[in-house]
Asks: 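One structure coming up, written as structure tokens, with questions to follow.
Just so you know, residue 1 is the first one in the sequence shown, and it goes up from there. Treat the numbers as computed from the prediction; the structure is a model and nothing was measured.
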Amino acid sequence: MVRSGLAQVVHSLTDPQFGIHFDNVDWMDIAKPTVALGGQWPAALALAAMPAIWRPSVDDAVRHLRVQSERDLGELPPLEFWSAVCGVIGRSWRLGIFDELGATARLDIVWRDIRDHEPRDRARELIWEGMACHELDQYVRTDVTDRALALLIEADRFIAEDAVDIAFCEAALEAFL
């Protein structure tokens, strides 16, 4: 049984509009924890089992993974790409991969991809806020702990409680960042 939260995150990350953020080998690495979490979609299984990168095969598998994961969203709405990225960073913080300052540093890296556009949704606002926290901490030496905690708690809520684990977060963030 595929968890709808995992399907929601995978479906979001496979959005072809944002494919430039992932290399083909990244999908092979993301597929392994996806399968381990119950994402037994044929495309995820194929990506996880690929012994070498062959671009057409990976591209096709990612396209199929988007369609296959969409079928398992259940009652969950599709998640916007930046909401998934922001949510994975928030979840990584909650799972202990980063402390709050490390997480805001990751949001600062993500901010570089969206900085030329005004934030259109809450996820992008949180990414901008994460960038501000990181820069205030690094350059002004202002204590931003409470501000960072508040935004990370909110970012974590973008994705379902049981959607991803440490291995998935690490693979996705290694690929994206």
Side-chain angles (χ1 to χ4, degrees), residues 1-98 103 106-107 109-114 117 120-124 126-127 152 154-177:
M1 169 87 179
V2 174
R3 293 183 280 195
S4 57
L6 175 62
Q8 187 185 44
V9 173
V10 170
H11 181 262
S12 173
L13 294 179
T14 56
D15 186 335
Q17 180 181 350
F18 300 99
I20 61 167
H21 294 288
F22 297 101
D23 192 332
N24 280 350
V25 73
D26 296 333
W27 284 113
M28 294 162 62
D29 292 339
I30 292 169
K32 291 175 179 111
T34 298
V35 169
L37 283 167
Q40 301 288 314
W41 301 290
L45 293 166
L47 284 165
M50 282 185 183
I53 302 169
W54 192 55
R55 184 163 193 93
S57 294
V58 173
D59 291 344
D60 287 344
V62 171
R63 277 192 294 279
H64 291 297
L65 183 56
R66 180 163 177 82
V67 172
Q68 292 164 7
S69 61
E70 184 175 32
R71 294 179 193 139
D72 289 322
L73 289 175
E75 298 295 316
L76 293 175
L79 189 63
E80 202 267 340
F81 178 81
W82 296 112
S83 296
V85 171
C86 192
V88 168
I89 292 172
R91 185 61 47 88
S92 295
W93 159 76
R94 187 164 62 89
L95 294 173
I97 297 172
F98 310 121
R106 277 27 175 225
L107 289 168
I109 294 168
V110 173
W111 171 81
R112 295 173 192 160
D113 289 314
I114 67 166
H117 308 283
R120 297 189 320 244
D121 54 38
R122 187 63 184 143
R124 291 176 204 187
L126 290 176
I127 293 167
L152 291 167
E154 189 174 348
D156 178 54
R157 292 182 185 143
F158 279 118
I159 57 178
E161 183 63 32
D162 65 346
V164 297
D165 64 2
I166 289 174
F168 183 95
C169 289
E170 288 176 338
L173 292 176
E174 177 68 28
F176 188 81
L177 303 175

Asks: Counting C-beta onward and ignoring hydrogens, is there a side-chain heavy-atom pair between Leu107 and Leu126 closer than 4.5 Å?
Replies: no
Asks: Indicate the ring-plane relationship of Phe81 and Phe18, choosing parallel, tilted or perpendicular according to the 30° and 60° boundaries.
Replies: parallel
Asks: Quick check for you: to the nearest 0.5 Å, what is the distance between Leu6 atom CG and Asp165 atom CG?
Replies: 9.0 Å
Asks: Could you grab the distance from atom CZ of Arg94 to atom CD1 of Ile166, nearest 0.5 Å is fine?
Replies: 10.5 Å
Asks: If every non-hydrogen atom of Val35 is compared with every non-hydrogen atom of Ala48, which pair is closest and at what distance?
Replies: CG2-CB, 4.1 Å
Asks: Is there a side-chain contact between His11 and Pro78 in this structure, where contact means two heavy atoms from C-beta onward sitting under 4.5 Å apart?
Replies: yes
Asks: Would you say the side chain of Pro42 lies within less than 4.5 Å of the side chain of Gln68, judging by non-hydrogen atoms?
Replies: yes
Asks: In Å, rounded to the nearest 0.5 Å, how long is the span from CG of Asp121 to CH2 of Trp82?
Replies: 10.5 Å
Asks: Between Ala123 and Cys86, which heavy-atom pair has the shortest distance, and what is it?
Replies: O-SG, 4.0 Å
Asks: Taking the side chain as everything from C-beta on, heavy atoms only, tell me whether Leu47 gets closer than 4.5 Å to Trp41.
Replies: no
Asks: Go through Ile159 and Arg91 one step at a time and tell me if the side chain to side chain contact (heavy atoms under 4.5 Å, CB included) criterion holds.
Replies: CA-CA 8 Å; Ile159 57 178; Arg91 185 61 47 88; 3.6 Å; yes
Asks: Rounded to the nearest 0.5 Å, what separates atom CG in Asp29 from atom CE in Met50?
Replies: 12.5 Å
Asks: Do Phe176 and Ile89 pass the side chain to side chain contact (heavy atoms under 4.5 Å, CB included) test, and can you show the C-alpha distance, the side-chain angles, and the key distance before you say yes or no?
Replies: CA-CA 11 Å; Phe176 188 81; Ile89 292 172; over 6 Å; no
Asks: For the side chain of Arg3 and the backbone of Gly38, is there at least one donor-acceptor N/O pair under 3.5 Å apart?
Replies: no
Asks: Would Arg122 and Glu80 pass as an ion pair if we require N to O under 4.0 Å?
Replies: no
Asks: Say you draw a straight line from CH2 of Trp111 to CD1 of Ile109; how long is it, rounded to the nearest 0.5 Å?
Replies: 12.0 Å
Asks: Step by step, work out the side chain to side chain contact (heavy atoms under 4.5 Å, CB included) result for Phe98 and Leu152.
Replies: CA-CA 11 Å; Phe98 310 121; Leu152 291 167; over 6 Å; no
Asks: Taking all atoms of both residues into account, what is the closest heavy-atom pair of Leu73 and Gln8, and its distance?
Replies: CD2-CA, 3.3 Å
Asks: Which atom pair, heavy atoms only, marks the closest approach of Ala61 to Ala43?
Replies: O-CB, 3.2 Å
Asks: What are the two closest heavy atoms between Val85 and Leu13, and how far apart are they?
Replies: CG2-CD2, 4.2 Å
Asks: Taking atom NE2 of His64 and atom OG1 of Thr14, what is their separation to the nearest 0.5 Å?
Replies: 12.0 Å
Asks: Between Ser92 and Cys169, is there a donor-acceptor pair closer than 3.5 Å when you use the side chain of the first and the backbone of the second?
Replies: no
Asks: Between Ala44 and Thr34, which heavy-atom pair has the shortest distance, and what is it?
Replies: CB-CG2, 4.3 Å
